[in-house]
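Please read the structure below before turning to the comments.
The chain is numbered in sequence order, starting from 1. All of these numbers come straight from a predicted model, not from anything done at the bench.
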Amino acid sequence: MKMGATNLFGSFFFLVCLSIEFSLVVRGQNRTTIPVNVGVVLDDLDSPNTKVWLTCINLGLSDFYTSHGSSTTRLALSIGDSREDVVDAAAAALDLIKNDKVQAILGPKSSMQANFVIELGDKAQVPIISFSATSPSLTSIRSPYFFRAAQNDSSQVKAISAVVQAFGWREAVPIYIDNEYGQGVIPYLVDALQEVQAQVPYRSAIPPEATDDQLAAELYKLMTMQTRVFIVHMLPSLGSRLFAKAQEMDMMDGDCVWIMASGMTNHLTTMNASVINSLQGALGVRTYVPQTKELVDFRARWKRQFQEDNPTIIDAELDVPALWAYDAAFALAMAVENVGTENFGFEKANASTNSSTDLEYFGVSQNGPELCQSLSSTNFRGLSGDFSFVDGQLQNSIFELVNVIGNAAKTIGFWKPQSGLEKKLNLTNTNGPYSTSKSNLAPILWPGDSPSVPKGWEIPTNGKRLRVGVPVIDGFAEFVKVVPGPRANTTEVSGFCIDVFNAAMAGLPYAVTYDFIPFAKPDGTSAGSYDDLVQQVFLGNFDALAADTTIRANRSLYVDFTLPYTESGVVMVVPMKDGKNKSAWIFLKPLTWDLWLTSLCFFVFIGFVVWVLEHRINEEFRGPPSHQIGTSFWFSFSTMVFAQREKVVSNLARFVVIVWVFVVLILTQSYTASLTSLLTVQQLQPTFSNLSDLKKNKEYIGYIEGSFVRDLLIQRGVDPNKLRPYKSSDECHEFLTNGSANGGIAAAIDETPNMKLFLAKYCSKYTMIGPIFKTDGFGFVFPKGSPLVPDVSRAILNVTEGDAMKEIENKWFAGDATCSDTKPTISDSNSLGLDSFRGLFLIAGVSSSLSLIIFAASFCYRHWHMFMTTGASAWKRIKVMLRIYDQKDLSSHTFRKTGSQDGKYMYNAGNIATSVEASPNNNSTRPPSPSSPESIGHSNHTNPHSPFFREERILQVVVGQEYPEM
């Protein structure tokens, strides 16, 4: 029973499911879809390329409706043939709008055709969706009914400039088709190259219908130029012929760099083997297409479908525009479905009865604005990547960099707007640093199967030789000398600058041919100043300049300089004067005034210190005040010649004298050496030492005629009327000899090399001051952005660091052979200053002060009981101490004598006693009797020969007390 119930339930469930499926099938068969007419405008419907795109469009619609089974609309395609003509494209679009009432148009193919079709779509409110018109000029139309389902050509220029910057190329020549498609991207490309300091010396515009002879003529013209970096922007039909002709003319070798824009690179997969063979070594920029599983599956399905539809076409391949065609059809079907099934009609326009043109009789799409809005909001993952419109433009902007090797294009890196060049694409890195390093690119095989990076320029062997300008100058011919040649209308050029230029050019790793062209008038005289000569390079009249041309900031604005090959700086040459024995007070010159003053102060100070230390114990430092002062100064100053006669008995004074004698010894020896130098060495000094003295004295200043120094001096405040030009070193010598007062000059100011050349001839009479202004020396001049500059600069370094420069300098600047032997020594005769002896005076001052402190501390300690006596003011106590100091120290070993010396002491003590007794305030009481105990304790105080007795009597006089008469 149970088993039978189970079988019955299963049969019932099967019948229910079968009935539901049958119901769905019937409903699907009964559901109706609304056809929506859509036009397609393409070139030459019989061409393989057009058939590839049509297959992709059909598969795009098929895949959309397969994945969206519930859709209620179906796009019905109406195809128009533009026949590769602008007018035919407009006629086809007009026919589709007027007769087929299409709601949108896919196409047309070219940017020129799109210009007209967009105008028609804008008037009829029919969206135009182009998957192959890439010219930036279409963006300026700003039509809300134009949608570009392809990348704008201007989005790739940053990727191209990043490659140019990565390899350091300074110039590039764009080669483009001379129509709207080619011209539209050139302004963006030039701006991008200039941002990376790359110049565009020439633009090669190729006519769309150019013959092979025209291509050969243009390529030959490029061969006569230096630049060897070419950026090709054209469609494959013309580009393949250009590369074939370049290969025929041997321009696909290791000297040239070819960079293909996306217009060709996006079609590489559809090119035949012969075209690929002519592209060997070329670089390309193409749209990055993610290699997804969906793309692989689609390629297989497309291959089968295309072979079924076109069995006679073999080896057809997909290109990037074909993927854009698929995504554009898919997006249009999605937008139409999102709009709905209503209002897919046309509203008749009001036309004039007197006119019968087709443009006035086609209507306006009622659903056009809604369809545009739906397209703008469409967003999905297509075969070519993320597909979305912003302001009608496709937003995918990652580019793949490829290198054509063999039969395929090898990926060497990627470029992203946020991070620049990347060897491996990192889609998660959106805020990394922008890189233009070639290390972020894989190894490249350049044209000619060369692994070495081409330098990007070449001296054209089949073009003109370099025209190197040289100045024609009257003086300083050692730098540049131009003389008539042995043949008529020829010149010979020589000099230091010419030899350095020849050595540098010979050191280049390639051959450069050039001719020296004098910058002269027909009569052979100079045609202008150095600024005029530099201007000729800027104007293109000279390809380079070999001269003693100073590197200046204002000149570098319009020409390029090599590295300098001479010393830098502007110097001043002035006559020398002999200051030997010219002054009666020359004996004061060895020392500066501050050193003289400091020495005098220390002599007085040392004398005072010795007197303080010796006064109480040395008879030679006692006596009347004038005698004591004279003795102190005599003792101190006599140490200069070590002739002091007074004996020093105090150890502290001896210490002070020892240190001071050491200081005096060094000071006198230095003074003697300096004075000897002043009296014996020839003292040659410049008449002026700076520009300020010349301006203050209103002296005349000389400069080389035509030099920039004149403007430089005027900028520094020199009166133009005080400037005198000279043409040669001999004329400069004559001006300096005459001086400002006699029609000459007081100083000559010019660059270091010129003045050194002048001094090599007149070294015994003049001296060089400075540099007073900073400059960068002499350099060779080339046009702005010339690729020769870095190589010539490196060659100059090799010349200046080697023996070649020494040989060239010896050849032109040897000068007088005896000049180095007879040239006198120039001495600044600087006096000895206090800074040189600051340490010695510090030692003497510290030692003397320390001795004074020790003596004062010892004296106060011994007589402190006198200072602390009560009943007296502080001032009277100080007077007591001074009175005590003024007396002899009887306890010193120097006064422990016999006989007469004791009498002297009694005499001195008697004088003090007498003065005390004569005091009117003698109210002191009598001391205790000698027999009393107190008399025993005061015996020392009552002994006239005792020091204590003397101190007591001094205290009585100062304080106003007096003992009774003893």
Side-chain angles (χ1 to χ4, degrees), residues 32-68 71-83 88-110 113-114 117-118 120-121 124-133 145-147 149-150 298 301-302 305-306 308-310 313 316 318 321-339 341 344-346 362 365 367-368 371-372 374-375 378 382-383 387:
T32 60
T33 57
I34 299 177
V36 179
N37 293 332
V38 172
V40 178
V41 178
L42 294 175
D43 289 345
D44 191 4
L45 299 181
D46 294 328
S47 68
N49 198 36
T50 300
K51 292 182 177 182
V52 168
W53 292 353
L54 284 174
T55 302
C56 290
I57 292 174
N58 288 322
L59 284 177
L61 298 178
S62 175
D63 289 351
F64 174 79
Y65 295 123
T66 300
S67 61
H68 298 76
S71 60
T72 58
T73 58
R74 290 292 186 272
L75 298 188
L77 299 181
S78 299
I79 302 175
D81 190 351
S82 65
R83 298 181 180 86
D88 287 340
L94 181 61
D95 180 68
L96 291 173
I97 294 174
K98 179 181 178 182
N99 298 323
D100 294 335
K101 301 296 188 295
V102 295
Q103 300 296 316
I105 293 178
L106 292 172
K109 177 182 178 181
S110 70
Q113 296 171 356
V117 175
I118 292 171
L120 294 176
Q125 295 185 3
V126 173
I128 308 298
I129 308 169
S130 177
F131 51 83
S132 58
Y145 293 94
F146 173 61
F147 293 86
F298 171 77
R301 290 191 296 111
W302 172 86
Q305 185 65 42
F306 186 81
E308 291 178 4
D309 298 340
N310 306 281
I313 301 178
L318 290 172
L323 302 180
W324 285 334
Y326 174 93
D327 290 342
F330 195 96
L332 181 58
M334 181 181 294
V336 170
E337 183 64 27
N338 292 335
V339 169
T341 59
F344 282 112
F346 273 72
F362 69 79
S365 174
N367 209 35
L371 186 55
C372 285
S374 180
L375 281 170
T378 299
L383 293 180
F387 193 97

- Heavy-atom check, side chain of Tyr145 versus side chain of Val126, under 4.5 Å: no
- Closest non-hydrogen atom pair, Phe131 against Pro321: CD1-O, 3.7 Å
- Which pair of heavy atoms, one from Phe64 and one from Phe330, lies closest together, and at what distance? CA-CE1, 3.5 Å
- Message: Can you see whether Ser365 engages Gln103 through a side-chain donor-acceptor pair at a distance of less than 3.5 angstrom?
- Response: yes
- Candidate list Ile57, Leu106, Val336, test side-chain contact (heavy atoms from CB on, under 4.5 Å), partner Leu75, passing option: Val336
- Query: For the atom pair CE (Met334) and OG1 (Thr378), what is the distance rounded to the nearest 0.5 Å?
  - Reply: 6.5 Å
- CZ (Phe146) and CD1 (Ile128) are apart, to the nearest 0.5 Å, by 9.0 Å
- Task: Measure the OG1-NE2 distance between Thr73 and His68 for me, rounded to the nearest 0.5 Å.
- Result: 10.5 Å
- Is any side-chain heavy atom of Leu371 less than 4.5 Å from a side-chain heavy atom of Gln125? no
- Message: Within this structure, what is the CZ-CH2 distance for the pair Phe306 and Trp302, rounded to the nearest 0.5 Å?
- Response: 5.0 Å
- Message: With rounding to the nearest 0.5 angstrom, report the CG to CG distance, Leu61 to Leu332.
- Response: 7.5 Å
- Can you name the nearest heavy-atom pair linking Asp327 to Gly382, along with the distance? OD1-CA, 3.5 Å
- Message: How close do Val41 and Ala89 get, counting heavy atoms only, and between which atoms?
- Response: CG1-O, 4.2 Å
- Note on the structure: Here the pair of heavy atoms bringing Asn338 nearest to Ser374 is CB-OG, 3.6 Å
- Task: To the nearest 0.5 Å, tell me how far Leu318 CG sits from Leu323 CG.
- Result: 6.0 Å
- Note on the structure: In short, Ala149 meets Phe387 closest at the heavy-atom pair CB-CZ, 3.9 Å
